[in-house]
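Everything on this sheet refers to the single structure shown next.
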2 protein chains.
Amino acid sequence: MDESEFLAGYDPRAYPAVAVTVDVVALTIRGGALHVLLVRRGEQPHAGRWALPGGFIRPDEDLPEAAARELAEETGMPGRVHIEQLASYGTPGRDPRMRVVSVSYLAFAPDLPAPRAGTDAADAAWHRVERLPELAFDHARILTEGLERARDKLEYTPLATAFVGETFTISELRSVYEAVWGVPLHAGNFHRKVLSVPGFVESTGETTETGGARGGPRAKLYRAGDARLLHPALLRPAREEEIR
Amino acid sequence: MDESEFLAGYDPRAYPAVAVTVDVVALTIRGGALHVLLVRRGEQPHAGRWALPGGFIRPDEDLPEAAARELAEETGMPGRVHIEQLASYGTPGRDPRMRVVSVSYLAFAPDLPAPRAGTDAADAAWHRVERLPELAFDHARILTEGLERARDKLEYTPLATAFVGETFTISELRSVYEAVWGVPLHAGNFHRKVLSVPGFVESTGETTETGGARGGPRAKLYRAGDARLLHPALLRPAREEEIR
DNA sequence: GCAATAGTGTCTATAAGACACTATCTT
DNA sequence: AAGATAGTGTCTTATAGACACTATTGC
């Protein structure tokens, strides 16, 4: 190995600067539909275009902290938010300014207050995932992969409970699955299945104060149980097109 | 927003330099046991300690390319290697030299030739995952998460076929599952299950030239099918301890 | 009363796993 | 001949999903 190879391998300052950002795919359910948080960019590049909330990491700040901070700056961040890492993107040219590697995070929260525009965004709003504007950078790809991850994790983890309140009914939980998967589920079978999974939900002993808005009996209330994995899993209806 | 906030948000050059590396968890099966590729570091920090192969990304090089290059530099890279992203790690202080964000990759390959020491490693060798030396940096954590990911993906993707040759027997495929999961599987049930999954394997019409080393009939040969997901999945025997 | 919903019962098809068994190969 | 392995048959239990049904509520 010659000198130039040694330097190439061990001295990062020999390279052009690399910036690291975090981008957050924040999901919630509003009015029975899955929504993602988008901000309208106030600066170039892509000024005026919608993008995922995110920004450069700060010194002495860990990656999950940076994601939580960026999300808080855009929403007011009401406590109960589940955050987990999604993937990283570093294709040269994905940001026209310089080499940028973005670490993306998934965030799930119960229905949140309307977001407020943050420190570096002209506007912020929840968008239905079925009707999205054109996104800046490669954020459409990041969002697509985030949605697919969320749909997968709903199957074998208790993630759905992160989308509802502290206590919830089985129907509310079912509407989370229906919103994220985009398919209607059989109410009776879903009910029995959720209760059959050890540790998924536990009864509070309480019921709702009233019946449903359009009639029906009061529903029992549950809270999240202590399971980290669902066994048996709640599998999506088979998707032939995704198998091959 | 004041001027300092603006700069903090949009000018990465205002920060201390951040370096981005890729680290590769390369897995293969040798003698029925799962092995991971480790290199012995030749330079400070952690000189002389075993570590995952990896290094700084280069300008104009995409992340998966960087992972493939680092792996090739350590092994001689025999073509058929499956690579996929694992996760990113950026806790301040994880590298004593400077702020380093590492994007880790998982690589799977059939039994490879013995690795050769690469450009920036004093030594390189396959290690059984049950008997590992102490690792540099936070590589023990990265490796643990990589193993868990591999075990999961074996369940619902045809990943196991990446560990065997172009054609293979059902027994060879079963020994992949046994090595990665670390549990014995019932030969008869496994056989029937694999053949029942559409697109997992397809028959070549051929058989092995001889029976097994210790006797038994010649086995039919298969090649990987066109399925991207296994349905139904081949689930691991239930792990009570991992559920709660 | 009527319509909607919560929750339960039942039946069928599919899948997982235990076990037995035959055929074919190596030593 | 003996022992190991490939591959198949069969039975039991668990699960997924279709469908029916009762009870309770809002309007």
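From a predicted model like this one, the values you see are computed outputs, not experimental measurements.
Taking only side-chain nitrogens and oxygens, A/K193 comes nearer than 4.0 Å to OP1 or OP2 of D/dA16. Contact check, A/H191 against C/dG7: a side-chain N or O comes under 4.0 Å of OP1 or OP2. Under 4.0 angstrom from either OP1 or OP2 of C/dA6 there lies at least one side-chain N or O belonging to A/R174.
The residue B/T210 sits close only to the backbone: its heavy atoms come under 4.0 Å of sugar-phosphate atoms, none of a base. Residue-level contact check: A/A213 touches the backbone only, with heavy atoms under 4.0 Å from sugar-phosphate atoms and none from bases. Backbone-only contact: A/S171 has heavy atoms under 4.0 Å from sugar-phosphate atoms and none from a base. When heavy atoms are screened at a 4.0 angstrom cut-off, B/G211 is found touching the sugar-phosphate backbone but no base atom.
For A/P232, the side-chain atoms get nearest to D/dA16 when compared with the rest of C/dC25, D/dG7, D/dA16. Set against D/dA16, C/dG7, C/dA4, the side chain of A/A219 has C/dG7 as its closest nucleotide. Comparing atom distances between the B/P217 side chain and each of D/dG26, C/dC25, C/dA15 picks out C/dC25 as nearest. When distances run from any side-chain atom of B/R214 to the nucleotides D/dA4, C/dA16, D/dA23, the shortest one goes to D/dA4.
For the residue pair A/V101 and A/R94, the shortest heavy atom distance occurs at C-NH1, 4.4 Å. The shortest heavy-atom contact between B/P110 and B/V164 is CG-O, 3.5 Å.
Ring-centre distance between A/F168 and A/Y222: not below the 6.0 Å cut-off.
Shown here are the ring-ring contact (aromatic ring centres under 6.0 Å, His included) partners of B/F137, two or more places apart in sequence or in another chain: B/H46, B/H139.
Nucleotides of DNA chain D nearest to B/K220 and A/G215 differ in position, and the one nearer the 5' end is that of B/K220.
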Under 3.5 Å, N/O pairs linking protein and nucleotides 9-12 of chain C:
from	atom 1	to	atom 2	distance (Å)
C/dG9	O6	A/R192	NH2	2.9

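Residues A/S104 and A/D23 bring no donor and acceptor atom of their side chains to less than 3.5 Å of each other.
A/F108 and A/H82 have tilted rings, their planes meeting at an angle from 30° to 60° on a 0 to 90° scale.
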